[in-house]
Amino acid sequence: MKKLTPTALLGAFITLLVLAWGANLRYGAGLPAGAAPLWVFRAELLKLSGLLAVGLMSLIMVLATRPVWLEKPLGGMDRIYQTHKWAGILAGIAVLIHWGADEAGGLIKGLIGAGGKVSREHGSELYESLLDLGKEMGEWALYPLLILIALTLLKRFPFKPWRVLHRAMPVLYLMGALHGLMLAPLTWWQQPVGWALALLVAAGSWGAVLSLLGRIGKRRQYRGEILQVEEPAPGLTRLTCRIEPRWPGHRPGQFAFLTLHDREGSHPFTIASAPREDGSLCFAIKALGDYTRDLASRLEAGQHVTVEGPYGGFDFQGEKPQVWIAGGVGVTPFLAGLEALHHAPGTAVSLHYCCRDSRNDPFVPQLQRLCADLPGVRLHIHDTPREGPLTVARLAQLEPGLAGSDIWFCGPAGFARSLKQGLRTQGLDQVCLHQEAFEMR
């Protein structure tokens with residue numbers, strides 16, 4: 001089954017909101033008589049950008065709840081978080097347009113005067129007071145929201161302070177949602193556009209409340225205990241944990257949110273082992289920031305942990321021969337896949353592992369050991385500094401049947417882009433490339 005891409009989902013979502021706004025414009029109250037076109041344009045731009053901003057922020061809050069029911073159509077929780085990120089960026093753009101349209105009132109007045117200005121609707125005294133409150137809420141939420149979106153895009157901004165700021169998102173959302181509800185035209189509530197807005201705000205508010213109460217993912221959390229802590233190489237921590245019996249099990253290639261210290265919160269890590277009879281899970285954690293840099297020294301056997309999951313659709317399902325490509329610590333889902341093949345041999349697999357120094361890489365001996373007793377698996381180790389990057393042209397030479405295979409890739413984003421470009425250049429667009437979009441920020 002073809003998966004729904006984040007681009008397609010967001011495109012359809014925005015299209016439906018624009019159509020709802022357009023239907024109201026066409027079949028609702030219509031354009032006010034005697035209004036100047038420039039003032040009408042500003043008024044409708046305010047409405048449309050506000051609708052898109054509130055709608056996209058509502059979608060963000062729903063996706064933040066980690067909706068498992070969306071994993072199958074989107075292809076995994078990693079794709080859900082990718083959609084979450086781009087919805088945030090688009091919401092920021094909509095907020096900027098909304099703010100710009102509001103500020104443009106003075107400019108338009110200076111150009112053509114106040115004549116023909118679209119007057120806003122008036123209601124009861126209670127409505128007017130709520131309208132003022134809604135305006136203030138929007139102004140208070142505007143700048144923190146834009147700053148948060150900007151910091152999300154700045155990858156060099158430290159994760160820990162960003163995570164603290166990110167916790168304010170549910171509050172900012174509720175303020176923005178109140179602004180949208182209070183300033184929406186009264187005629188909207190008699191049209192599908194108003195019903196859609198109310199439904200989106202209800203769903204987004206539910207997500208915001210779950211976040212504020214710390215209930216996201218609670219039903220999928222399981223207690224565990226660290227059995228072993230290893231540091232096979234500088235900057236790499238290998239954990240073996242025993243999880244409580246009610247753990248539902250996982251498919252090789254899936255990931256989980258692991259909480260090792262309560263103050264640090266949860267972090268997503270791929271499970272580097274297949275399901276085991278003793279209920280243990282392995283994680284291979286590479287030092288990528290302040291928290292993971294000296295992780296091995298701060299953990300010990302017997303320490304309690306919390307595991308939330310499993311999540312993800314990177315599970316090697318399919319009947320075609322498979323080509324697995326791993327870059328660095330992206331090898332972890334393939335370790336689980338190889339371990340699973342020992343218990344249930346599957347389709348033919350060719351594994352390409354790209355590393356910086358094969359003689360000192362801690363994953364190489366593990367891969368060689370796992371592949372030794374698997375006649376259906378061919379292992380290729382690529383020393384990138386010595387051999388150069390693995391290209392699709394070179395891959396096609398090593399894999400004569402590449403055109404009839406599926407590629408499963410986990411590694412750096414730049415590596416993924418070069419593979420996609422190479423498949424197009426080599427005329428291999430029909431080859432399905434499964435990628436772990438493991439980027440939660």
List the atom pairs, donor and acceptor, that lie under 3.5 Å between side-chain atoms in residues 213-222 and the rest of the protein, sequence neighbours left out.
| residue | atom | partner | partner atom | Å |
| --- | --- | --- | --- | --- |
| R220 | NH2 | P310 | O | 2.6 |

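- Under the 3.5 Å distance criterion, the side-chain polar atoms of S211 are left unmatched by any main-chain donor or acceptor of G207.
- Between the NE2 atom in H352 and the CD1 atom in I407 there is a gap of 9.0 Å [rounded to 0.5 Å].
- Contact annotation: the side chain of F255 approaches that of M77 to within less than 4.5 Å [non-hydrogen atoms, C-beta and beyond].
- Between the side chain of Q254 and the backbone N or O of R251, at least one donor-acceptor pair lies under 3.5 Å.
- Under the 3.5 Å distance criterion, the side-chain polar atoms of E230 are left unmatched by any main-chain donor or acceptor of T237.
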Which pairs would a plain distance check flag for residues 46-57, meaning a side-chain donor or acceptor within less than 3.5 Å of a matching protein atom at least two apart in sequence or in another chain?
| residue | atom | partner | partner atom | Å |
| --- | --- | --- | --- | --- |
| K47 | NZ | E44 | OE2 | 3.1 |
| S49 | OG | L45 | O | 2.6 |
| S49 | OG | L46 | O | 3.3 |
| S49 | OG | H98 | ND1 | 3.1 |

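- Looking at D373 and H342, their side chains come closer than 4.5 Å, going by heavy atoms from C-beta outward.
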**Asked** Checking ring pair (Phe, Tyr, Trp, His ring centres under 6.0 Å) for the pair F415/F409: CA distance, chi angles, key distance, verdict?
**Response** CA-CA 9 Å; F415 194 177; F409 169 82; 5.1 Å; yes
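- Within 6.0 Å of the CD atom in Q430, the count of heavy atoms belonging to other residues, nucleotides or ligands exceeds 12.
- Atom CG of L174 sits about 9.5 Å away from atom CE of M169, to the nearest 0.5 Å.
- Inter-residue side-chain proximity for L281 and H250 is flagged as met; some heavy-atom pair is nearer than 4.5 Å.
- With respect to H434, the ring-ring contact (aromatic ring centres under 6.0 Å, His included) criterion is satisfied by exactly one of W408, F334, F316: W408.
- Looking at every heavy atom in both residues, V431 comes nearest to L402 through CG2-O, 3.5 Å.
- For the atom pair L200 CG and W195 CH2, the distance stands at 14.5 Å (nearest 0.5 Å).
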**Message:** Please determine whether side-chain contact (heavy atoms from CB on, under 4.5 Å) holds for the pair H304 and R223, giving the CA-CA distance in whole Å, both sets of side-chain angles, and the decisive distance to 0.1 Å.
**Reply:** CA-CA 7 Å; H304 291 290; R223 297 289 291 173; 3.4 Å; yes
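- Salt bridge annotation for R276-E339: present, with a cationic side-chain nitrogen under 4.0 angstrom from a carboxylate oxygen.
- R356 and T384 are not linked by any side-chain donor-acceptor pair at a separation below 3.5 angstrom, with hydrogens and angles left out of the test.
- The two atoms that bring G318 and T347 nearest to each other are O-CG2, 4.4 Å, heavy atoms only.
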**Request:** Given side-chain contact (heavy atoms from CB on, under 4.5 Å), test R66 with F257 step by step and report yes or no.
**Result:** CA-CA 11 Å; R66 298 173 191 157; F257 287 88; 3.7 Å; yes
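- The minimum heavy-atom distance linking C355 with I381 is given by the pair SG-CG2, 4.2 Å.
- Atom CZ of R238 is separated from atom CZ of F283 by 13.5 Å, given to the nearest 0.5 angstrom.
- Of the inter-residue distances, the one linking L236 atom CG with F363 atom CZ reads 4.5 Å to the nearest 0.5 angstrom.
- Y173 and S58 share a donor-acceptor pair across their side chains, judged by distance under 3.5 Å alone.
- With T65 contributing its side chain and V62 its backbone, the two residues share a donor-acceptor pair below 3.5 Å.
- Inter-residue side-chain proximity for K135 and M182 is flagged as unmet; no heavy-atom pair is nearer than 4.5 Å.
- Within the 4.5 Å cutoff, side-chain heavy atoms of Q435 are placed close to those of K420.
- Judged purely by atom type and a 3.5 angstrom limit, T259 has no side-chain atom pairing as donor or acceptor with the backbone of D262.
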**Message:** I'd like to know whether L258 forms a side-chain contact (heavy atoms from CB on, under 4.5 Å) with H267, so could you lay out the CA-CA distance, the side-chain angles of the two residues, the decisive distance to 0.1 Å, and finally the verdict.
**Reply:** CA-CA 5 Å; L258 185 61; H267 294 264; 5.8 Å; no
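- Using a 4.5 Å heavy-atom threshold, the side chains of Y81 and K85 count as separate.
- Counting non-hydrogen atoms of other residues, nucleotides and ligands closer than 6.0 Å to CZ of R246 gives a total above 12.
- Looking at H84 and Q82, their side chains never come closer than 4.5 Å, going by heavy atoms from C-beta outward.
- Once rounded to the nearest 0.5 Å, the distance linking CD1 of I226 with OG of S280 reads 13.0 Å.
- Taking every heavy atom of both residues into account, D383 and S358 meet most closely at OD2-OG, 2.5 Å.
- Side-chain polar atoms of D78 and Y311 form no donor-acceptor pair below 3.5 angstrom.
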**Check against side-chain contact (heavy atoms from CB on, under 4.5 Å), H382 and R394** = CA-CA 11 Å; H382 301 276; R394 186 172 166 217; 3.4 Å; yes
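- Using modelled atom types, one finds no donor on one side chain facing an acceptor on the other under 3.5 Å when comparing R369 with Q366.
- Contact record, A403 with L428: CB-CD2, 3.9 Å, taken as the closest heavy-atom pair.
- Judged by distance alone, the side chain of R242 and the main-chain N or O of L227 form no donor-acceptor pair under 3.5 Å.
- Contact annotation: the side chain of L260 approaches that of L299 to within less than 4.5 Å [non-hydrogen atoms, C-beta and beyond].
- Nearest approach of W324 to L338, heavy atoms of both residues: CZ3-CD2, 3.9 Å.
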